[in-house]
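Okay, structure first, notes after.
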Amino acid sequence: QVQLVESGGGLVQPGGSLRLSCAASGSIFSRSTMGWYRQAPGKQRELVARISSGGSTYYGDSVKGRFTISRDNARKTVYLQMNSLKPEDTAGYYCYLDPGPYGRPSWGQGTQVTVSS
């Protein structure tokens, strides 16, 4: 059973930066696709970024050029570096792990990011 522990959320000013971390338990991290979703009140959950087991990345249009997803397989951790933050980035951010055929998807507890002056 995989567990995900997120950290790094907080309050930042517009234009600021924040780095989210998600540490995974278990032995399937390196085989898994990792990603971040976000959801703001009254809005649908959206995929922010995703990184495959081979390192291929995907970014939502709204964050391209500003956010970077990366992974450290030795630490079983995925990161989301967020730069040039905007108020519309305010949301709960949720880490996910998708092991594909090796097991069931897992979700983190969420961490709040608030961008406001």
Side-chain angles (χ1 to χ4, degrees):
Q1 185 71 26
V2 174
Q3 292 181 284
L4 304 176
V5 180
E6 299 172 334
S7 61
L11 173 65
V12 296
Q13 296 187 87
S17 296
L18 209 58
R19 188 176 75 160
L20 306 183
S21 299
C22 174
S25 66
S27 61
I28 59 174
F29 179 88
S30 63
R31 304 172 186 259
S32 301
T33 293
M34 301 295 300
W36 294 90
Y37 280 80
R38 68 185 182 187
Q39 187 169 31
K43 297 185 179 295
Q44 289 187 283
R45 184 168 60 180
E46 66 172 329
L47 177 62
V48 177
R50 183 175 61 216
I51 184 167
S52 74
S53 60
S56 298
T57 58
Y58 165 87
Y59 297 95
D61 288 342
S62 63
V63 307
K64 285 180 180 177
R66 300 188 298 120
F67 290 12
T68 303
I69 189 170
S70 61
R71 64 192 297 159
D72 185 337
N73 287 345
R75 298 180 184 271
K76 298 180 182 178
T77 301
V78 65
Y79 304 95
L80 185 67
Q81 178 66 46
M82 304 184 293
N83 298 326
S84 302
L85 284 161
K86 304 174 180 179
E88 50 263 46
D89 295 318
T90 296
Y93 284 71
Y94 298 85
C95 175
Y96 78 90
L97 177 152
D98 183 359
Y102 300 102
R104 298 178 180 181
S106 299
W107 290 86
Q109 81 285 359
T111 185
Q112 178 67 32
V113 172
T114 301
V115 185
S116 177
S117 58

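All residue numbers in this chain count up from 1 along the given sequence.
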[X] versus [Y], closest heavy-atom pair with distance:
X	Y	value
W107	L4	C-CD1, 3.7 Å
C95	V78	SG-CG1, 3.8 Å
L47	R50	CD2-NH1, 3.3 Å
S117	P14	N-CD, 3.7 Å
S32	P99	OG-CA, 3.3 Å
R31	Y102	NH1-CE2, 3.4 Å

Between [X] (side chain) and [Y] (backbone), is there a donor-acceptor pair under 3.5 Å?
X	Y	result
E6	L20	no
T90	V115	yes
S84	R66	no
R104	V2	no

Output every pair passing ring pair (Phe, Tyr, Trp, His ring centres under 6.0 Å) with a member in residues 58-95, not counting sequence neighbours, ordered by first then second residue.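 Qualifying pairs: none.
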Starting at [atom1] of [X], measure out to [atom2] of [Y] and round the result to the nearest 0.5 Å.
X	Y	atom1	atom2	answer
Q44	Q39	CD	CD	8.5 Å
L18	T111	CG	OG1	8.0 Å
K76	S30	NZ	OG	8.5 Å
S53	D98	OG	CG	10.0 Å
R71	C22	CZ	SG	10.5 Å
R19	T68	CZ	OG1	11.5 Å

Worked verdict on L11 versus Q112 for side chain to side chain contact (heavy atoms under 4.5 Å, CB included): CA-CA 8 Å; L11 173 65; Q112 178 67 32; over 6 Å; no
Residue pair Q81, S17: steps toward the side chain to side chain contact (heavy atoms under 4.5 Å, CB included) verdict: CA-CA 8 Å; Q81 178 66 46; S17 296; 4.0 Å; yes
Single-linkage hydrophobic cluster F29~I51, side-chain heavy atoms < 4.5 angstrom: yes
Is K86 salt-bridged to D89, cutoff N-O under 4.0 Å? no
Are V48 and I69 side-chain neighbours, meaning at least one heavy-atom pair lies under 4.5 Å?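 No, every pair of side-chain atoms sits at 4.5 Å or beyond.
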Distance-only donor-acceptor check, side chains R38 and S62, under 3.5 Å: yes
